[in-house]
Participant: 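Take a look at this one; I'll ask things after.
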Amino acid sequence: MPDITIRRADADDSKRLTRLVRTSAAYRGDYAAMVEGYQVGGAYIEHHPVFVAVDGTGRVLGFYALLVDEAELDLAFVADSAQGLGIGRLLMEHMTGEARAAGLQAVRVVAHPPAEEFYLRTGAVRTGILPPAGRIHWARPELRYDVA
């Protein structure tokens, strides 16, 4: 695994994080509507704990966003080119540590269906399924990381 640092994102990361979301291979085909026009804005980054995994050159390999008030993992992405390197696992370990430090007991995840297995492998448990709603025409797994 390359030398990886996880750091707090700042507003200057907005474009890189947005690009990572919009170009994710996991959101092609039927799932493309989920990220069409999506933006990880600077105000969002400044307001929520958003952390990025970067390599030694500063290249963003992945990131996550934790909504502390809602005790929910809002975003988690790993660059297609960095899949399989353990970046996602590092981010989820970091996220659970941040959640614990914030006094949370558990963190809810409403998962993109193809990502469910990843969350299960990294310690989440399935708690249910959300039916299709609005522009989302597929059921989504609901999971939870117990962090206390």
Side-chain angles (χ1 to χ4, degrees), residues 1-102 104 106-124 129-145 147:
M1 179 187 303
D3 186 29
I4 305 299
T5 301
I6 297 178
R7 64 166 174 79
R8 181 81 186 244
D10 61 38
D12 290 340
D13 292 311
S14 175
K15 287 182 182 178
R16 292 191 293 175
L17 301 186
T18 296
R19 185 171 42 255
L20 197 157
V21 169
R22 289 186 185 176
T23 61
S24 174
Y27 285 90
R28 294 200 178 120
D30 291 340
Y31 299 121
M34 286 294 299
V35 297
E36 185 178 318
Y38 194 87
Q39 183 174 0
V40 184
Y44 177 91
I45 292 169
E46 296 295 332
H47 183 71
H48 299 290
V50 178
F51 288 88
V52 295
V54 296
D55 67 11
T57 67
R59 181 175 63 117
V60 172
L61 303 174
F63 77 100
Y64 75 86
L66 178 64
L67 306 181
V68 174
D69 292 341
E70 294 86 355
E72 184 169 349
L73 179 65
D74 190 36
L75 299 168
F77 282 85
V78 173
D80 293 342
S81 62
Q83 298 280 325
L85 300 177
I87 307 300
R89 181 171 294 281
L90 285 174
L91 288 168
M92 292 305 96
E93 289 171 0
H94 190 274
M95 182 276 298
T96 56
E98 288 294 311
R100 191 175 305 110
L104 301 179
V107 174
R108 176 180 185 241
V109 179
V110 177
H112 177 53
E116 180 179 19
E117 285 301 316
F118 163 76
Y119 290 117
L120 292 170
R121 282 193 316 272
T122 58
I129 190 156
L130 296 178
R135 68 181 191 153
I136 301 171
H137 304 290
W138 52 88
R140 293 168 294 153
E142 186 175 23
L143 303 106
R144 180 187 72 240
Y145 284 98
V147 299

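Each residue takes its place number in the sequence, starting with 1. Computed from a predicted structure; not experimentally measured.
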Participant: Provide the closest heavy-atom pair for Ser14 versus Gly42 in the form atom of the first, atom of the second, distance.
Facilitator: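 Smallest heavy-atom distance, with atoms named: OG-N, 3.8 Å.
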Participant: Could you check Asp74 against His48 for side chain to side chain contact (heavy atoms under 4.5 Å, CB included), going step by step and ending with a plain yes or no?
Facilitator: CA-CA 10 Å; Asp74 190 36; His48 299 290; over 6 Å; no
Participant: First locate atom CD1 of Ile45, then atom CG of Leu17, and finally report the distance between them rounded to the nearest 0.5 Å.
Facilitator: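 Rounded to the nearest 0.5 Å, the CD1-CG separation comes out at 5.0 Å.
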Participant: Determine the minimum heavy-atom distance between Val147 and Arg100, stating which atoms define it.
Facilitator: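 Answer, listing the atom of Val147 first, then Arg100: O-NE, 2.6 Å.
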Participant: Report the distance from atom CD1 of Ile87 to atom OH of Tyr64, rounding to the nearest 0.5 Å.
Facilitator: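 Between atom CD1 of Ile87 and atom OH of Tyr64 there are 14.0 Å.
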Participant: Going by heavy atoms in the side chains, are Arg8 and Asp10 under 4.5 Å from each other?
Facilitator: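 Side-chain contact under 4.5 Å: no.
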Participant: Might you point out which heavy atoms bring Val78 and Gln83 nearest each other, and give the distance in Å?
Facilitator: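 That closest heavy-atom pairing would be O-NE2, 2.9 Å.
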Participant: Any idea which heavy atoms bring Val68 and Pro49 closest together, and the distance?
Facilitator: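 Looks like CG2-CG, 3.7 Å.
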Participant: Hey, is the main chain of Arg89 close enough, under 3.5 Å, to the side chain of Arg121 for a donor-acceptor pair?
Facilitator: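 Not confirmed, Arg121 side chain does not pair with Arg89 backbone.
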Participant: How far does CG of Leu66 sit from CG of Leu104, to the nearest 0.5 angstrom?
Facilitator: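 Atom-to-atom, Leu66:CG and Leu104:CG are 6.5 Å apart.
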Participant: Mind checking the CG-OG1 spacing from Leu90 to Thr122? Nearest 0.5 Å is all I need.
Facilitator: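 Reported to 0.5 Å precision, the distance equals 11.0 Å.
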Participant: Donor-acceptor pair, distance only, cut-off 3.5 Å: does the side chain of Gln39 make one with the backbone of Thr18?
Facilitator: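 Looks like no, no N/O pair under 3.5 Å.
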Participant: Using a 3.5 Å cut-off and no angle test, enumerate the donor-acceptor pairs between side-chain atoms of residues 20-28 and protein atoms at least two apart in sequence or in another chain.
Facilitator:
| residue | atom | partner | partner atom | Å |
| --- | --- | --- | --- | --- |
| Arg22 | NE | Tyr38 | O | 2.6 |
| Arg22 | NH2 | Gly37 | O | 3.4 |
| Arg22 | NH2 | Tyr38 | O | 2.9 |
| Thr23 | OG1 | Arg19 | O | 2.7 |
| Ser24 | OG | Ala26 | N | 3.3 |

Participant: Which atom names give the shortest non-hydrogen contact between Ala53 and Ile4, and what distance separates them?
Facilitator: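 Answer, listing the atom of Ala53 first, then Ile4: CB-CG2, 4.0 Å.
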Participant: Measure the shortest side-chain to side-chain distance between Val107 and Thr96 over non-hydrogen atoms and say whether it is less than 4.5 angstrom.
Facilitator: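 Result no, sub-4.5 Å side-chain heavy-atom pair not found.
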Participant: Give, for atom CG of Leu143 and atom CZ of Phe118, the distance between the pair rounded to the nearest 0.5 Å.
Facilitator: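 Result: 11.0 Å between the selected atoms.
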Participant: To check you understand the geometry: which heavy-atom pair defines the closest contact between Ala76 and Leu73, and what is its length?
Facilitator: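 That closest heavy-atom pairing would be CB-CD2, 4.0 Å.
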Participant: Would you check, one step at a time, whether the test side chain to side chain contact (heavy atoms under 4.5 Å, CB included) holds for Val40 with Phe77?
Facilitator: CA-CA 12 Å; Val40 184; Phe77 282 85; over 6 Å; no
Participant: Are the side chain of Glu116 and the backbone of Ala111 linked by a donor-acceptor contact shorter than 3.5 Å?
Facilitator: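 No: the side chain of Glu116 does not pair with the backbone of Ala111.
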Participant: Show, in sequence, the C-alpha distance, side-chain angles and deciding distance for Val52 and Arg7, and conclude whether the side chain to side chain contact (heavy atoms under 4.5 Å, CB included) test is met.
Facilitator: CA-CA 6 Å; Val52 295; Arg7 64 166 174 79; 3.5 Å; yes
Participant: With ring pair (Phe, Tyr, Trp, His ring centres under 6.0 Å) as the test, pick out the partner of His94 among Phe51, Tyr145, Phe63.
Facilitator: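 Of Phe51, Tyr145, Phe63, ring pair (Phe, Tyr, Trp, His ring centres under 6.0 Å) with His94 is met by Phe51 alone.
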